[in-house]
Number of protein chains: 2
Amino acid sequence: MDKSGSASPLYNIGVVTRVTGVPIATLHAWERRYGFPDAARSAGGHRLYSEKDIARLRWVKSQVDSGLTVSRAVIAARALEANGRLFLPNESEASQKSQSSRIAFPSLRESLLDALFHHNLPRADQLMGEMLAFYSPEDLTLEVIGPALNAIGEAWEQGHITIATEHLATNYLRHRLLMWMVTGLTPRSGDSIVLACAPGELHEGSLLMLGVLLRRKGWPVAYLGQNVPFHDLAKFIDDIHPSAVVLVAICEEPARALTDWPHWINQVGGHPIIGFGGRAFIVHPELQGMVPGVYLGTSISEGMTNLVSLLQRIEK
Amino acid sequence: MDKSGSASPLYNIGVVTRVTGVPIATLHAWERRYGFPDAARSAGGHRLYSEKDIARLRWVKSQVDSGLTVSRAVIAARALEANGRLFLPNESEASQKSQSSRIAFPSLRESLLDALFHHNLPRADQLMGEMLAFYSPEDLTLEVIGPALNAIGEAWEQGHITIATEHLATNYLRHRLLMWMVTGLTPRSGDSIVLACAPGELHEGSLLMLGVLLRRKGWPVAYLGQNVPFHDLAKFIDDIHPSAVVLVAICEEPARALTDWPHWINQVGGHPIIGFGGRAFIVHPELQGMVPGVYLGTSISEGMTNLVSLLQRIEK
DNA sequence: CATAAATTGTCAAGTTATTGTATAGATTTA
DNA sequence: TAAATCTATACAATAACTTGACAATTTATG
């Protein structure tokens with residue numbers, strides 16, 4: 001595979017247009033006008049982009065798509081980078097095979113899990129870098145991190161890994177998710193969406209993923225995390241008047257506890273949308289009918305679209 | 001200094017209309033008539049608004065929407081600002097003063113806590129952005145986030161805030177910490193440092209801060225988080241051969257459990273440094289002598305320097 | 001109460017800034 | 001050799017700027 005031994009990860013401009021959606025002529029112009037992303041050159045003068053360059057481009061393009069000027073987006077990217085506040089993949093040794101085709105999600109997921117289960121964090125970093133060069137955080141959240149978190153849980157339940165390994169892997173993935181949740185400014189002002197686990201529920205992985213997706217779409221999110229008692233939740237809702245509240249239960253007990261929410265929350269002002277979901281309602285579908293409010297569906301992306309369409313209907 | 005904070009003029013007028021809902025012509029008129037918000041200009045004369053300008057605009061617009069005239073709202077904003085009651089001074093104003101007149105840590109901490117306790121996340125974001133413009137993540141971790149996490153815990157114990165508010169604030173700060181742990185430079189290669197809470201210990205705040213500090217100094221960290229049983233920890237250590245293991249206990253029970261670690265870990269290979277610390281050993285100093293291994297001290301920065309000097313002695 | 005004055009949002013015209021894209025001919029890569 | 005990429009220049013399409021005007025509304029005044 002690796003013919004010359006010194007394979008630094010460099011992609012030609014054709015790959016980069018396909019992957020980022022930025023036309024070749026525009027890439028030329030950006031480099032001419034802003035010196036961005038200042039790709040390396042081959043012996044014959046052709047541009048060679050690294051994964052870091054691709055990640056930079058993705059970030060700048062996302063800013064431009066949301067209205068920023070190219071020149072300012074480039075300046076912002078440089079400032080954030082100098083500050084260490086913009087996540088960029090490390091330079092890694094990608095083989096030239098990636099030039100022709102994107103790597104498929106399932107194989108990426110497998111490689112990542114393999115690295116984490118063998119406690120090989122540098123390898124995991126490298127894989128994350130490669131993935132970020134080709135896919136958006138949204139895609140990675142849904143297609144790689146979500147399934148990987150599930151697989152980790154299963155591997156532990158079946159005794160394939162110890163709890164220490166489970167902790168390491170779960171924390172690793174959670175850290176990446178959180179990073180994506182925190183970056184960027186909230187473009188929308190207005191009431192937030194409250195995200196909380198059911199009382200007694202300690203699994204917050206899927207709630208976190210929903211948080212990432214909502215944040216990235218520009219919704220203001222108030223993230224409460226695991227095990228939120230109704231009494232306090234009610235007070236909180238009364239305080240900040242959210243547009244929606246999402247309650248998640250993975251285990252059966254917390255899901256049953258959810259049936260009781262109107263007793264606490266119904267009388268608060270503002271009357272937000274109350275939605276719920278989580279694995280408990282897939283394993284025990286009869287619970288769906290027992291909990292008042294809107295059932296958000298069986299997957300995170302489904303929940304996301306349902307929630308967003310409800311919110312948009314209200315806005316009008 | 002660094003221009004990436006909220007004071008850096010970054011946003012073109014198109015973004016600002018979309019985000020604030022104030023039409024372009026109105027923005028022009030406000031600047032012409034009231035000199036507000038006096039945005040910076042690009043080389044070509046286009047207006048460039050900072051995040052603070054956007055915040056100013058949002059505030060004024062909210063006042064106008066609730067009946068005030070524009071001119072009065074602008075005057076009010078300026079008055080509040082001069083009092084330091086609405087916005088912090090922006091970078092250009094601040095840098096005109098001497099370096100010594102940076103905003104003091106305690107006041108920043110108070111403002112941040114105030115914003116979080118009032119569920120004002122945009123305000124918290126703004127504060128964090130401004131702090132990052134002046135201080136490094138290391139300083140903020142030790143001087144702002146650490147004390148803030150303690151204060152949050154205390155406020156809850158004394159019934160000043162509900163558990164929902166505690167969750168919101170804790171998660172908010174944890175997310176920032178986690179972000180800093182992931183970003184930044186590549187860790188140097190070599191054996192990692194394992195960070196774990198004692199068995200049964202659920203408070204991971206201080207462990208996380210230690211992780212941030214180590215990681216940002218370039219040490220490779222394997223973060224295991226809360227409640228790690230010795231049995232699994234031993235297997236894990238045997239697997240990855242860390243250079244050091246740090247065990248943290250906040251509560252008394254987990255701290256007592258720590259006395260037992262040699263029974264599990266002594267026979268594993270590599271013989272890493274085993275260090276321990278946490279609030280339990282400050283409240284009950286007699287426990288320090290009962291736990292084998294190196295006591296890392298009474299503060300996070302102390303623990304950090306102790307650990308690093310131990311590791312550097314070994315490296316030679 | 002009626003009228004004058006001030007305040008405020010919006011529009012139009014003409015100009016400039018910023019950015020995307022097309023073309024042409026030379027060179028590199030596979 | 002054919003396809004891909006390079007540089008350089010030109011041009012078109014938005015986006016934004018300034019200035020001046022004007023109508024709707026609010027506020028002050030006789």
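So you know, we letter chains A, B, ... as the sequences are listed, proteins then strands, and number each from 1. Remember, it's a predicted structure, so these values are computed and weren't measured experimentally.
For A:Arg47 and A:Tyr49, the positive end is not near the middle of the six-membered ring at less than 6.0 Å and at most 45° from its axis.
Nearest approach of A:Val19 to A:Ile54, heavy atoms of both residues: CG1-CG2, 4.1 Å. When all heavy atoms of A:Ser243 and A:Leu311 are compared, the closest pair comes out as OG-CD2, 3.6 Å.
The distance from atom CZ of A:Arg32 to atom P of D:dT5 is 17 Å, rounded to the nearest whole Å. Atom CG of B:Asp65 and atom P of C:dT8 are 14 Å apart (whole Å). Between A:Arg72 atom CZ and D:dA16 atom P there is a gap of 13 Å when expressed in whole angstrom units. Summarising the geometry, the separation between OH on B:Tyr11 and C1' on C:dT18 is reported as 19 Å, rounded to the nearest angstrom. Separating the CD1 atom of A:Ile24 from the P atom of C:dT23 is a distance of 15 Å, rounded to the nearest angstrom. Distance, A:His28 NE2 to C:dT23 C1': 14 Å, rounded to whole Å. Distance A:Leu27 CG to D:dT5 C1': 12 Å, rounded to the nearest Å. What separates NZ of B:Lys61 from C1' of C:dG9 is a distance of 13 Å, to the nearest Å.
The side chain of B:Ser71 lies closest to C:dT7, out of C:dT21, D:dA21, C:dT7. Distances were taken from every side-chain heavy atom of A:Ala25 (C-beta onward) to each of C:dG20, C:dT21, C:dT29; the shortest belongs to C:dT21. In this structure, the nucleotide among D:dT5, C:dT21, D:dA16 sitting nearest to the side chain of A:Arg33 is C:dT21. Distance from the side chain of A:Arg41 is smallest to D:dC6 among C:dT10, D:dC6, D:dT5.
OP1 or OP2 of C:dT10 lies within a sub-4.0 Å distance of a side-chain N or O belonging to B:Thr26. For D:dA15, neither phosphate oxygen OP1 nor OP2 lies less than 4.0 angstrom from any side-chain nitrogen or oxygen of B:Asn12. Neither OP1 nor OP2 of C:dT7 sits under 4.0 Å from any side-chain N or O of B:Tyr34. The shortest distance between the side-chain N/O atoms of B:His46 and the OP1/OP2 oxygens of C:dT18 is not below 4.0 Å. For C:dT8, the OP1/OP2 oxygens have no side-chain nitrogen or oxygen of B:Trp30 closer than 4.0 Å.
Both A:Gly44 and B:Gly44 lie close to DNA chain C; mapped to their nearest nucleotides by heavy-atom distance, the more 5′-ward contact belongs to B:Gly44. Between A:Thr69 and A:Arg47, the one whose closest nucleotide on DNA chain D sits nearer the 5' end is A:Arg47.
Remark: side-chain polar atoms of A:His118 are paired, donor with acceptor, to backbone N or O of A:Asp114 under 3.5 angstrom.
The aromatic rings of B:His119 and A:Phe236 sit perpendicular to each other, their planes meeting at more than 60°, with 30° as the lower class boundary.
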